[in-house]
Peer 1: 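Supplied in structure tokens, the structure appears directly below.
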Number of protein chains: 2
Amino acid sequence: MRAAKVETGIRREQIAQAALGLIAGQGLKGLSVAAVANQVGLVPSAIYRHFQGKDQVLNAVLDLISMRLQENVAAVRAETQDPLERIHRLLLRHIQLVQVYQAIPRVLFSDEVYSGHPERKAKLYGIIRGYLQKIEEMVKEGQRQGRIRPEVAPETVAVMFLGMVAPSAFLWHLSDGGFNITRNTERAWKVFRAAIQEPPTTMKKKKRVKK
Amino acid sequence: MRAAKVETGIRREQIAQAALGLIAGQGLKGLSVAAVANQVGLVPSAIYRHFQGKDQVLNAVLDLISMRLQENVAAVRAETQDPLERIHRLLLRHIQLVQVYQAIPRVLFSDEVYSGHPERKAKLYGIIRGYLQKIEEMVKEGQRQGRIRPEVAPETVAVMFLGMVAPSAFLWHLSDGGFNITRNTERAWKVFRAAIQEPPTTMKKKKRVKK
DNA sequence: CTATATTGTGAATAGATATTCACAATGGAG
DNA sequence: CTCCATTGTGAATATCTATTCACAATATAG
């Protein structure tokens, strides 16, 4: 059966999506152009009408991931003004994201993506840097508003934020869902928030005097 | 030139070491039995005198990593009695470890290792679980001694511990050493410690009284 | 010393996979 | 309607890699 003729712009999206889905299921090892083509309903050679090769398909996958991350950032920005709450919600969204798209940590943490491809390695670094940047901005905003301790470096907080997500997602994935990622994330968030939050200046036993 | 005849026990170690080294350099994608054999100074087919196949070589690599991790645990246990200090030193050792053996995060976070190999996936999960277990024990010990807040779940602390290492190591690796992993880890540790440490029951904010 | 198990070698095999290419269908511009 | 650029197809190719196997060297037990 012959596949319908679809303009290359749409095909590119379909192919990138299919690749992301396959990575989620099979891992990068199982990602062949044949599999991707089959998923889209095409024949392997047809992929080359839309991409120069497998490398470019992987690049498109990276762009897709970058978009998903940035979408989350935009969403929490729209949802609330409170920086701490923004970070909290971004955490929840991120956890949900890696559960739906298991491929994301796989791609992000797999060397297969950038081994022997310096330009792709740089690209990946840029994507993560961009994400961290947004988190840092939230932290700075929180510090300006006096909600986050001024002495913690925004970069540190941002990297620690990743640290709350990555291992949890990884353990969850590795245990085939046995690891309770939701519970763990909730608890980690409490500890994390306590560490970065400027304590309210009320007069309880933890009295903290503004100097 | 013919390679010397070496008993299989030693060859197995050499092969596992060589594989770990190659993964550090090339990633899992570049890990071929030919490359491993060449590294050891053997011919590809010779590998099969010591391992049933590539799969078993990868298993041996996992065992190697597990050993390295447990060695670190044993070392910090011997170094100090203070649970908090143990955790701190384990952090430093772990950071150093992933810098020397870049392969470790690569292997741990790459799906290539366990994709389509449920038994190896389980094995990997077991290794990490075992490591987390040791950290949890340190936390519990710290709670018993009143040095760590009793309300934080040891499992949460252990997973967060991984979270301090993994993203840092990853960014460092991805940036070709540009990311300052040492500085970041130091700062993260301060925040982390503040979050889990039971505040001394003295009455100045910096004064620390030996009880 | 020599018999034998162990280890190393080179060639051959088999399977997978990315990529190319000549050819065919399709659909919109004119 | 007709042309032609675009998109899809099937077969062929080239490369890479794991694995097998018959044979060779080597060391150790007896």
Side-chain angles (χ1 to χ4, degrees), chain A residues 1-20 22-23 25-62 110-117 119-120, chain B residues 1-19 21-23 25-62 110-117 119-120:
Chain A
M1 189 184 67
R2 196 178 181 89
K5 205 171 170 181
V6 176
E7 64 172 322
T8 205
I10 296 180
R11 278 284 189 240
R12 290 174 68 102
E13 291 179 20
Q14 291 178 343
I15 291 169
Q17 279 285 358
L20 191 62
L22 283 173
I23 292 172
Q26 308 297 333
L28 284 195
K29 179 62 160 289
L31 186 73
S32 62
V33 297
V36 174
N38 185 61
Q39 186 79 7
V40 181
L42 289 177
V43 106
S45 57
I47 299 295
Y48 294 84
R49 289 274 174 234
H50 311 290
F51 289 97
Q52 287 192 20
K54 193 183 178 183
D55 280 355
Q56 297 221 354
V57 174
L58 272 182
N59 283 341
V61 170
L62 285 187
S110 174
D111 52 1
E112 187 123 356
V113 178
Y114 52 82
S115 182
H117 297 264
E119 84 292 348
R120 200 147 62 198
Chain B
M1 191 184 66
R2 197 178 181 86
K5 204 171 172 181
V6 176
E7 65 171 318
T8 206
I10 297 180
R11 278 285 189 239
R12 289 174 68 102
E13 292 180 19
Q14 292 178 341
I15 291 169
Q17 279 285 359
L22 282 174
I23 293 172
Q26 308 297 332
L28 284 194
K29 178 61 160 289
L31 187 73
S32 63
V33 297
V36 174
N38 185 61
Q39 185 80 6
V40 181
L42 290 176
V43 108
S45 57
I47 300 294
Y48 294 84
R49 290 275 174 236
H50 312 290
F51 288 97
Q52 287 192 20
K54 193 184 178 183
D55 280 356
Q56 296 221 356
V57 174
L58 272 182
N59 283 340
V61 170
L62 285 187
S110 174
D111 52 0
E112 187 123 356
V113 178
Y114 51 82
S115 182
H117 298 263
E119 83 292 346
R120 199 149 62 198

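Any value given below was found using the heavy atoms of this structure, including those in side chains, with hydrogens, waters and symmetry copies removed. All chains are named by letter (A, B, ...) in the order of the sequence lines, taking the proteins before the strands, and each is independently numbered beginning at 1.
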Peer 1: Identify whether any heavy atom of B:I10 sits under 4.0 Å from a base atom; if not, whether one sits that close to sugar-phosphate; answer base, sugar-phosphate or nothing.
Peer 2: nothing
Peer 1: Does atom CD of B:Q17 have more than 12 heavy-atom neighbours, drawn from other residues, nucleotides or ligands, at distances under 6.0 Å?
Peer 2: yes
Peer 1: Check this for me: A:E119, atom CD, are more than 12 non-hydrogen atoms of other residues, nucleotides or ligands nearer than 6.0 Å?
Peer 2: yes
Peer 1: Given 3.5 Å as the limit, does a donor-acceptor pair link the side chain of B:R49 with the main chain of B:T8, or not?
Peer 2: no
Peer 1: Are any side-chain N or O atoms of B:R11 and backbone N or O atoms of B:V40, one a donor and one an acceptor, separated by less than 3.5 Å?
Peer 2: no
Peer 1: Tell me the interatomic distance from B:K54, atom NZ, to D:dT20, atom C1', rounded to whole angstroms.
Peer 2: 17 Å
Peer 1: Relative to the 5' end of DNA chain D, which residue comes earlier, A:T8 or B:A34, by the nucleotide with the nearest heavy atom?
Peer 2: A:T8
Peer 1: For residues B:G53 and B:Y48, report the shortest heavy-atom separation together with the two atoms involved.
Peer 2: CA-CE2, 3.8 Å
Peer 1: Distance check needed: C:dT26 P versus A:E7 CD, whole Å only.
Peer 2: 18 Å
Peer 1: Taking DNA chain D as the partner, which of residues 42-52 of chain B come within under 4.0 angstrom of it by heavy atom?
Peer 2: B:S45, B:Y48, B:R49
Peer 1: Would you mind telling me which residue lines up with the more 5' stretch of DNA chain D, B:V33 or B:A3, judged by nearest nucleotide?
Peer 2: B:V33
Peer 1: In whole angstrom, what separates B:Q14's CD from C:dT7's C1'?
Peer 2: 13 Å
Peer 1: Please tell me which of the listed nucleotides, C:dT7, D:dT9, D:dA18, lies nearest to the side chain of A:R2?
Peer 2: D:dT9
Peer 1: In whole angstrom, give the distance that lies between atom CG of A:L58 and atom P of C:dT17.
Peer 2: 15 Å
Peer 1: Whole angstroms only, please: what is the CZ-C1' distance between A:R11 and C:dG27?
Peer 2: 14 Å
Peer 1: Taking all non-hydrogen atoms of both residues, which atom of A:V61 and which atom of A:A16 are closest, and how far apart?
Peer 2: CG2-O, 3.9 Å
Peer 1: According to a strict under-4.0 Å criterion, is A:K5 in side-chain N/O contact with OP1 or OP2 of C:dG27?
Peer 2: no
Peer 1: To the nearest angstrom, how far is B:K29 atom NZ from C:dT17 atom C1'?
Peer 2: 10 Å
Peer 1: Report the distance from atom CG of B:N38 to atom P of D:dT17, rounded to the nearest whole Å.
Peer 2: 13 Å
Peer 1: How close do A:D55 and A:H117 get, heavy atom to heavy atom, and via which atoms?
Peer 2: OD2-CE1, 3.1 Å
